[in-house]
Amino acid sequence: MTQHRHKAHEDRPHRHHYDAEMLSVEEARDRILSYFSQLEPEETELVDALDMVLAEDLTAPFDVPPLANSAMDGYAVVSSDLASASETSAVELPVAFSIAAGQIPESDLSSGSVARIMTGAPVPDGADAVVPFEDTDELERRKNGSGNEDRIGINLAAEPGDNVRVAGEDIARGELVLRSGTLLRPGAIGVAASLGRASVQAYRRPIVAIISTGDELLSPGEPHQAGKIYNSNAYSVAAEVKRYGGVPLMSGIARDTIESLQERLAEALETADMVVTSAGVSKGDYDVVKDVLAKNGEIALWSVRMRPAKPLAFGTLDGPGGRKVPHLGLPGNPVSAMVAFEQFGRPAIHTMMGRNLQQKPSVHVVLDDPVNNYDGRRVYARVFVYRDEDGTLRARSTGTQSSGALTSMAVANGLAICPDDVSKIDAGETAVVEMLDWPEDVFSGFGHTTGA
Ligand code: AMP
Ligand code: MG
């Protein structure tokens, strides 16, 4: 939050009072995360290890590159042979042999001769520099087909070391290259491969079972029926699980009966590291969901000081063998389910994967549309963030902020925050936006046409 923003709201007449029973987002998140810890490491194929956390130290068993090699296609030379070479006066020398990448030179290079060499090929002993083709008469000789390709004219004096990559330039043998705890981003995965590893120990991905509850739900793919709605929550939440590195387990729809939910739960608990349900968690309503969950473990129903997604359930379920499986009960409204998952499911997945808990990346933007706060909760308003012609980051509303209107989420790339003690942020004022997508879509301008 900027100085500027604070100032802008200092003298607002209308301040809300906290509901003592409500948890702040941070309090709810802290309580939830106290139930999670890093899962065990697992040998993981490198191609599957993106965004996982390394669970071993990787030390180099050899130099990378293994030998001094050429940075260019050209000629390996003894630089002192070329002292008099220039653009106007070439030094002509015999080509003793040639070396392709992956070959070991057939002999040392002696003064008074050169070796044709390809990028990445080992520089022969005796040579101390490489002159690229562009600085020789290579092309002319080939064009003329004069048949005297066993000699070459060089138009450039070379310094020792020119265009030579020394052995171990990148990684020295014995070096600790990647420490346990490193996040395996693409570059780190490449480095592991360059050490010859096809797999590494990494903290495994959690299996997140997703159960939707409700008699009104149809599965996508089923014929449409009047009065029913399709189960979108399972799909949006599964996509969030995947995005944050977990493995979604589609555990289907539980009807509003004890048997149905128990059946779905039993199946999910076989393998799940975490169970996510949607709907049936509002306080006050009679709901079979709460009863069944309570019978199969512990459940607490919370009100979280946020909008959308005030009702939230959290507890544990009794898995096979006495295993306690954390359970996150999301609200049923489609936007609420997604926003609650961003705030509570995402950090749970990251904790299980051994990733540091980080806030979602956020930016300060100028609002095109006001964000209203009616009842003293932290508002997460769906917005589209873009850069205007002046390079300023701005955000416009993606439309109705009803927690049932999922399209507002589909076009949003961020959630603009109105703090719980601020009743409104006006258009033209600054707000913090937690980004849902980061960062290319914000900066490419691609979204200008997809925003509302
Ligand atoms: P509830 O929490 O059961 O009161 O549900 C709140 C709203 O979310 C209702 O309009 C439900 O129809 C809707 N809803 C519940 N579950 C889902 C789901 N899986 N997919 C889409 N909408 C849902
Ligand atoms: Mg319901």
Side-chain angles (χ1 to χ4, degrees), residues 22-23 28 208-243 246 248-265 267-268 272 274-294 296 299-315 317 327-346 375 377 380 382 398-412:
M22 282 207 237
L23 298 176
V208 180
I210 300 163
I211 302 176
S212 306
T213 68
D215 283 340
E216 74 275 37
L217 299 179
L218 284 176
S219 289
E222 286 183 335
H224 184 253
Q225 286 175 43
K228 305 255 177 182
I229 59 165
Y230 283 110
N231 171 18
S232 60
N233 288 350
Y235 291 83
S236 51
V237 171
E240 289 180 315
V241 167
K242 268 196 157 174
R243 167 168 282 191
L249 177 64
M250 299 301 262
S251 298
I253 297 170
R255 298 305 168 192
D256 290 331
T257 67
I258 294 171
E259 301 71 37
S260 174
L261 183 52
Q262 235 144 15
E263 197 181 308
R264 297 265 72 87
L265 273 179
E267 203 179 287
M274 172 184 185
V275 173
V276 177
T277 58
S278 77
V281 297
S282 307
K283 270 185 190 160
D285 307 349
Y286 170 76
D287 223 316
V288 74
V289 174
K290 296 173 224 167
D291 288 354
V292 175
L293 294 172
N296 288 267
I299 183 171
L301 297 174
W302 297 341
S303 289
V304 184
R305 205 184 303 128
M306 65 191 285
R307 173 190 288 275
K310 175 170 131 183
L312 189 77
F314 186 77
L317 293 163
H327 162 236
L328 178 64
L330 303 173
N333 276 311
V335 176
S336 309
M338 288 192 76
V339 171
F341 192 86
E342 288 283 346
Q343 298 305 325
F344 308 114
R346 170 186 187 268
D375 56 1
R377 295 188 252 155
Y380 292 95
R382 278 80 77 196
T398 62
T400 168
Q401 296 294 310
S402 154
S403 56
L406 193 50
T407 51
S408 68
M409 203 58 189
V411 289

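First listed ligand is number 1; within each ligand, the first listed atom is number 1.
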Visitor: Between Asp215 and Lys228, which heavy-atom pair has the shortest distance, and what is it?
Guide: O-NZ, 3.3 Å

Visitor: Hey, is ligand 1 close enough to Gly332 that some N/O pair sits below 3.5 Å?
Guide: yes

Visitor: If you count the atoms of ligand 1 from 1 in the order shown, which ones are under 4.0 Å from a heavy atom of Ser278?
Guide: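 Near Ser278, the atoms of ligand 1 are 19 (N).
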
Visitor: Report the member of Asn231, Asn233, Asp215, Val335 with the shortest heavy-atom distance to atom 16 (N) of ligand 1.
Guide: Asn233

Visitor: Can you tell me which portion of Ile253 lies within the under-4.0 Å heavy-atom range of ligand 1? Options are side chain, backbone, both, or neither.
Guide: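 Ile253 to ligand 1: no contact under 4.0 Å from either part.
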
Visitor: Assess Ser232 for proximity to ligand 1: is some non-hydrogen atom of it under 4.0 Å away?
Guide: yes

Visitor: Return the CG to OG1 distance between Asn233 and Thr213, rounded to the nearest 0.5 Å.
Guide: 9.0 Å

Visitor: With atom 2 (O) of ligand 1 as the reference point, say which of Pro311, Ser219, Gly280, Pro331 has the nearest heavy atom.
Guide: Gly280

Visitor: What are the atoms of ligand 1, with element, lying closer than 4.0 Å to any heavy atom of Tyr230?
Guide: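 Once the distances to Tyr230 are compared, the set is 20 (N), 21 (C).
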
Visitor: Please classify the Ser212 to ligand 1 contact at 4.0 Å (heavy-atom distances, strictly less than): side chain, backbone, both or neither.
Guide: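 The answer is the side chain of Ser212.
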
Visitor: Heavy-atom distance under 4.5 Å between the side chains of Leu301 and Pro311, does that happen here?
Guide: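 No, side chains not in contact.
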
Visitor: Which bit of Leu217 is near ligand 1, meaning a heavy atom under 4.0 Å away: side chain, backbone, both or neither?
Guide: side chain

Visitor: Might you confirm whether atom NZ of Lys242 has over 12 heavy atoms from other residues, nucleotides or ligands at distances under 6.0 Å?
Guide: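 It does not: Lys242 NZ has 12 such atoms or fewer within range.
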
Visitor: Compute the minimum heavy-atom distance from Gly214 to ligand 1 and say whether it is under 4.0 Å.
Guide: no

Visitor: Can you see which heavy atom on Tyr380 is nearest to which on Pro308, and at what distance?
Guide: O-CD, 3.6 Å

Visitor: Report, in ascending order of atom number, the atoms of ligand 1 lying under 4.0 Å from any heavy atom of Glu216.
Guide: 11 (C), 12 (O), 15 (C)

Visitor: Testing the basics here: between Ala412 and Thr398, what is the closest heavy-atom pair and its distance to 0.1 Å?
Guide: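 Smallest heavy-atom distance, with atoms named: CA-CG2, 3.7 Å.
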
Visitor: Taking atom types as modelled and ignoring hydrogens, do the side chains of Asn231 and Ser212 form a donor-acceptor contact shorter than 3.5 angstrom?
Guide: yes

Visitor: Would you say the side-chain atoms of Arg255 and Ser260 include a donor-acceptor pair closer than 3.5 Å?
Guide: no

